[in-house]
Number of protein chains: 2
Amino acid sequence: MGIASRKEREKAEMRRLILDAAHDIFKENGYDGLNIRSIAERIEYSPATIYLYYKDKNEIFFALQYEAAAAKRDHLLPAASIEDPWMRLVEFGRLYVDFGLKHPDWYDLLFLTRAPMEHIENQDCWTLGMATHAFFVETVQACVDARYFKSTDSATIAYTLWCHAHGLVSLFVRERMRMYPPEERGELAKKSFAMMVKMAESL
Amino acid sequence: MGIASRKEREKAEMRRLILDAAHDIFKENGYDGLNIRSIAERIEYSPATIYLYYKDKNEIFFALQYEAAAAKRDHLLPAASIEDPWMRLVEFGRLYVDFGLKHPDWYDLLFLTRAPMEHIENQDCWTLGMATHAFFVETVQACVDARYFKSTDSATIAYTLWCHAHGLVSLFVRERMRMYPPEERGELAKKSFAMMVKMAESL
DNA sequence: CAAAGTTACTGAACGCTGTTTAGTAAAAAC
DNA sequence: GTTTTTACTAAACAGCGTTCAGTAACTTTG
């Protein structure tokens, strides 16, 4: 029992060690700088060893995505405690955009990476993301229930708001805003968010 | 003179040959399937020959981006002839989303690829994209001038509309809509676009 | 405690990328 | 006809994800 459980613990520790290294490298050098050999070098093991703990690079990628999803959830958490559904929705949106602009690499990992989406539905990161998304949709539904909107199509409302926020962050993250001077971009994002809130009020 | 100009012509033809091959491979196998060796094989030259006509893969990538930008411009062209600025704006938006959903690979190439953005401002594809973007902003301005909106901040209006359209297409292209059944996605996109139009009317 | 069996790890390789270099054969210039 | 320039390629390099045979340490067994 003792030895078996120690082995199990060591296995988990090693997986953690690998993931932490991957995490650090990703933060320092982005997705492109992250490769098996760089992880191996950092933890002072051979590249082959990585494969004894993770099936392939995708598995590490999914684990990283989970970290990002958890960070996003934590970032949005303060909004959850706001009583008024409309205020909660606005703050949720503000924090969503804030997360994207503050952590472009993580937002990228979560929403803009092409990577291995094949079976992402079965991954923890997807489950976690879904929970956050469900909370968002529920908040919109709460607004509908409280007659904050004329429209009652909460699904479309939620989706439309998400499209705007996601588009806003995506244009930032993938640097498609070069037609606007860098110093104006933040202001423009704020104005656009405010405009969207205003528009939603008269929805 | 004769020989020099023939050589020049042959050089241009070869560049065209390479680009067409790259274009076909991209359409068939996506960005990931596109590599120097596959281009070389298709045109029946050695990989090294490619480098006599294009500095590196990025240069081919930029040329492809230009093709995509041209295809997008052509797709949006029908909107340009609509007299009424508001009708023109709505049709422009509709066609923009339509282009993204019909040609996800090209939209990806234009707006979602991480790739070499360093000096894209100097590239033809950027210039072309800017022209299209300028037309869009001008249309919004025309709407403002014709008092279609209460707000007069045309820059923010244009940006907000773009964010929504871009977000909508991006979520499709990068497959982040798996929480919605496939058969509902198209309908949801349509509803969301209609909602955004409605919201813009009361802007 | 020693022998046998199992586990953890690695060096070296494979096949795939983008890219460079040295060399060759044909075309052009003289 | 000789020399120079051009067009092209085979082979290699470095870096990637991944696999495999082999080794050394640890665990179990007698």
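Given the structure is predicted, the values throughout are model-derived calculations rather than measurements. Proteins come first, then strands; the chains are lettered A, B, ... in the order of their sequence lines, and each starts at number 1.
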Exercise. Once you round it to whole Å, what is the distance between P of C:dG11 and CG of A:Leu52?
Worked result: 13 Å
Problem set entry | Spacing of B:Lys57 atom NZ relative to C:dC16 atom P, expressed in whole Å | 16 Å
Problem set entry | Rounded distance (Å) that lies between atom P of C:dC9 and atom OH of A:Tyr54 | 14 Å
Problem set entry | For atom CD of B:Glu10 and atom C1' of D:dC8, their distance in whole Å | 13 Å
Exercise. Does D:dC8 have OP1 or OP2 sitting under 4.0 Å from an N or O in the side chain of B:Thr49?
Worked result: no
Exercise. Counting only side-chain N and O atoms of B:Tyr51, is one of them less than 4.0 Å from OP1 or OP2 of C:dT21?
Worked result: no
Problem set entry | Candidates D:dC16, C:dG18, D:dA7 - which lies nearest the side chain of B:Tyr53 | D:dA7
Exercise. How about A:Tyr159 and A:His133: are their ring centres within less than 6.0 Å of each other?
Worked result: no
Exercise. OP1 or OP2 of C:dT10 less than 4.0 angstrom from a side-chain nitrogen or oxygen of A:Tyr45, does that happen here?
Worked result: no
Exercise. When the distance from NZ of B:Lys55 to P of C:dT20 is rounded to whole Å, what number comes out?
Worked result: 9 Å
Seminar exercise, completed: From the candidates D:dA7, D:dG17, C:dT19, the one with an atom nearest any side-chain atom of B:Ile36 is C:dT19
Seminar exercise, completed: Ranking C:dC9, D:dT18, D:dC20 by distance to the side chain of A:Ala48, first place goes to D:dC20
For this session: Please report, rounded to the nearest Å, how far the C1' atom of C:dC9 is from the CD1 atom of A:Ile18.
Result: 12 Å
Exercise. Between atom NZ in B:Lys11 and atom C1' in D:dT6, what is the gap in whole Å?
Worked result: 9 Å
Exercise. Are B:Phe135 and B:Phe92 near enough that their ring centres are under 6.0 Å apart?
Worked result: yes
Exercise. Any chance the rings of B:Tyr45 and B:Tyr53 have centres within less than 6.0 Å?
Worked result: no
Seminar exercise, completed: A:Arg37 has its side chain closest, among D:dG17, C:dC9, D:dC8, to D:dG17
Exercise. Taking CD from A:Glu44 and P from C:dG11, how many angstroms apart are they, rounded to a whole number?
Worked result: 13 Å
Exercise. B:Arg15 pairs by salt bridge (charged side-chain N to carboxylate O under 4.0 Å, His left out) with which of B:Glu10, B:Glu8, B:Glu59?
Worked result: B:Glu59
Seminar exercise, completed: Between B:Gly33 and B:Lys7, whichever has its closest DNA chain C nucleotide further toward 5' is B:Gly33
Problem set entry | Under-4.0 Å side-chain N/O to phosphate OP1/OP2 contact, A:Ser46 with C:dC9 | no
Problem set entry | Proximity to the side chain of B:Pro47 - top-ranked nucleotide from D:dT9, D:dG17, C:dT19 | C:dT19
Problem set entry | Candidate pair A:Leu168 and B:Thr160, rule side-chain contact (heavy atoms from CB on, under 4.5 Å), full reasoning | CA-CA 8 Å; A:Leu168 194 153; B:Thr160 303; over 6 Å; no
